[in-house]
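As structure tokens, the structure follows; a few thoughts come after it.
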Amino acid sequence: RLPNFVQLKEVGPRDGLQNEKKWISTADKIAWINMLSESGVKEIEFTSFVNPKMIPALSDAREVGKQIKREPGVLYSALVPNMKGLEFALDAGIDAASVFMSASETHNQKNINKTIDATYPVLDKVIREAKQAGKLVTGYVSTVFDCPYEGKINPDQVLRVCENLFASGVDDLSLGDTIGTAVPTQVEQLLEVLMKHYPKEKLILHFHDTRGMAIANIMTAMHYGINRFDSTVGGLGGCPYAPGAAGNVATNDVLYLLHGLGIETGIEEKKIQDAGLFIQSKLGKILPSRSLAYFANA
Ligand code: HMG
Ligand code: MG
């Protein structure tokens, strides 16, 4: 029943770094992304083209995009909130744009400064222009289980946002457990609703691992046939506009699970561990991944 192959999107250079206070130099970001490019991962979200005052850690987005080495077969994506971001992102050479909004009204406003209804036309234009430019577009929906401001989010509320983003032309959707609260029954309830409307190939799950539930949630989603997940090297990450959001599920830990189950990913674990040690040393702190810690001490 489990998938034979799982596709991981490495979002460390974006979700992983966006919340870090310590400035990682442009040269170190590029060196790190180049290491990730050589790991066998098929998609890397390498930065965000957002207001640099809101996410100072990624204010060198354009330089990074222009200088990273492009590995054939790897899709390079970036977060894009509006037309200004799309213009910069196209100039920096994205293959795919990731637009984003929230299923909860309050988180949407804190994160992107608009109501949900006011967000749709902005993203609609970005999605259409990006498609016109021949790019893939993923739509992130945040707070699909719980919102740090509003509590539980009803799956029907998530469905409404998904319907709007698909109507604008996104290729697929990444569903965010932004603050890492979900347990497997919540994953089941949401997938039961969404999979009545969309094929599983269109759905990606994006777990933060605040409470250590992400691996259990990934296992649950795989039993529903989902085989695309977002993760970060070392378990870096968090959203500065979602209090309580810890890092994403660690690529290192997901790989240990998947390869142990005999599921292929095309990714070399050792290269991900090395990339984890590299960024850990640049940040000067121990990252949360258990499997990285084991590797470092072995
Ligand atoms: P706004 O304030 O409504 O926009 O922000 P604005 O058009 O009024 O512009 C304000 C200023 O930002 C202006 O500069 C613009 O030029 C500038 P000023 O005149 O003050 O000097 N600006 C930009 N600069 C560069 N690139 C741009 C851009 N746009 C405006 N693209 C906006 C609206 C959405 C831009 C803002 O709220 C923003 O940047 N938000 C980003 C927040 C963010 O990045 N959050 C984290 C990512 S989401 C996440 O982590 C969740 C996810 O991982 C899934 C999950 O875990 O659930 C995806
Ligand atoms: Mg996230």
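Numbering of ligands and ligand atoms starts at 1, following listing order. Numbers here are sequence positions counted from 1.
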Residue, atom and distance of the protein heavy atom nearest atom 38 (C) of ligand 1 read Met54 SD, 3.4 Å
May I ask whether atom 9 (O) of ligand 1 is less than 4.0 Å from at least one protein heavy atom? no
Does the protein come close to atom 53 (O) of ligand 1 - that is, does one of its heavy atoms sit below 4.0 Å from that atom? yes
For the Mg ion (ligand 2), the nearest N/O/S atom on Asp15 is atom OD2
Return the residue, atom name and 0.1 Å-rounded distance of the protein heavy atom closest to atom 33 (C) of ligand 1. Ile112 O, 3.7 Å
When distances are taken from atom 50 (O) of ligand 1, the protein heavy atom at minimum range is Gln18 NE2, 2.7 Å
When you look for heavy atoms under 4.0 Å from ligand 1, do you find them on the side chain of Thr178, its backbone, both, or neither? both
At under 4.0 Å between heavy atoms, what of Asp177 touches ligand 1? The answer is neither
Does the protein put a heavy atom under 4.0 Å from atom 3 (O) of ligand 1? yes
How far apart are the C-alpha atoms of Asp172 and Thr138, what are their side-chain angles, what is the distance that settles it, and do they pass the side chain to side chain donor-acceptor pair (under 3.5 Å) test? CA-CA 5 Å; Asp172 43 32; Thr138 293; 2.6 Å; yes
Establish whether atom 16 (O) of ligand 1 and some protein heavy atom are separated by less than 4.0 angstrom. yes
Give the residue, atom name and distance (to 0.1 Å) of the protein heavy atom nearest atom 51 (C) of ligand 1. Ser142 OG, 3.4 Å
Using a 4.0 Å cutoff against the non-hydrogen atoms of Lys53, which atoms of ligand 1 qualify? 18 (P), 20 (O), 21 (O)
What is the closest protein heavy atom to atom 34 (C) of ligand 1, and at what distance does it sit? Pro81 CB, 3.6 Å
Look at atom 1 (P) of ligand 1 and say which protein heavy atom is nearest, naming residue and atom and giving the distance to 0.1 Å. Asn113 ND2, 3.6 Å
Do NZ/NE/NH1/NH2 and the carboxylate oxygens of Lys152 and Asp146 come within less than 4.0 Å? yes
Side chain or backbone of Phe49 under 4.0 Å from ligand 1, or both, or neither, by non-hydrogen atoms? backbone
Would a distance-only check, ignoring hydrogens and angles, find a side-chain to backbone donor-acceptor pair under 3.5 Å from Lys9 to Arg228? no
Does a salt bridge link Arg160 with Asp156, judged by any charged N lying under 4.0 Å from a carboxylate O? no
Starting from atom 26 (N) of ligand 1, what is the nearest protein heavy atom, named by residue and atom, and what distance separates them? Val50 O, 3.2 Å
Check each heavy atom of Ile55 against ligand 1 and say whether those closer than 4.0 Å belong to the side chain, the backbone, both or neither. side chain
How far is atom 13 (C) of ligand 1 from its nearest protein heavy atom, and which residue and atom name does that atom have? Asn51 ND2, 4.8 Å
Could you list the atoms of ligand 1 found under 4.0 angstrom from a heavy atom of His206? 53 (O), 54 (C), 55 (C), 56 (O)
Heavy-atom closest contact (Val254 atom, Ser231 atom, distance): CG2-CB, 4.5 Å
Ser142 side chain to Ser102 main-chain N or O, any donor-acceptor pair under 3.5 Å? no
Closest to atom 43 (C) of ligand 1 among Asn111, Leu58, Asn248 (heavy-atom distance): Asn111
Tyr149 six-ring centre to Lys110 NZ/CZ under 6.0 Å and within 45° of normal: yes
Is ligand 1 under 4.0 Å from a heavy atom in the side chain of Arg14, in the backbone, in both, or in neither? side chain
Please confirm if an N, O or S atom belonging to Asp230, backbone or side chain, lies less than 2.8 Å from the Mg ion (ligand 2). no
Looking at ligand 1, is there an atom of it that comes within less than 4.0 Å of some heavy atom belonging to Pro52? yes
Is any NZ, NE, NH1 or NH2 atom of the basic residue among Glu38 and Lys271 found under 4.0 Å from an Asp or Glu carboxylate oxygen of the other? no
Atom indices of ligand 1 within 4.0 angstrom of Asn82 heavy atoms, with elements: 27 (C), 28 (C), 29 (N), 30 (C), 31 (N), 35 (C)
Atom 21 (O) of ligand 1 touched by protein (heavy atom, under 4.0 Å): yes
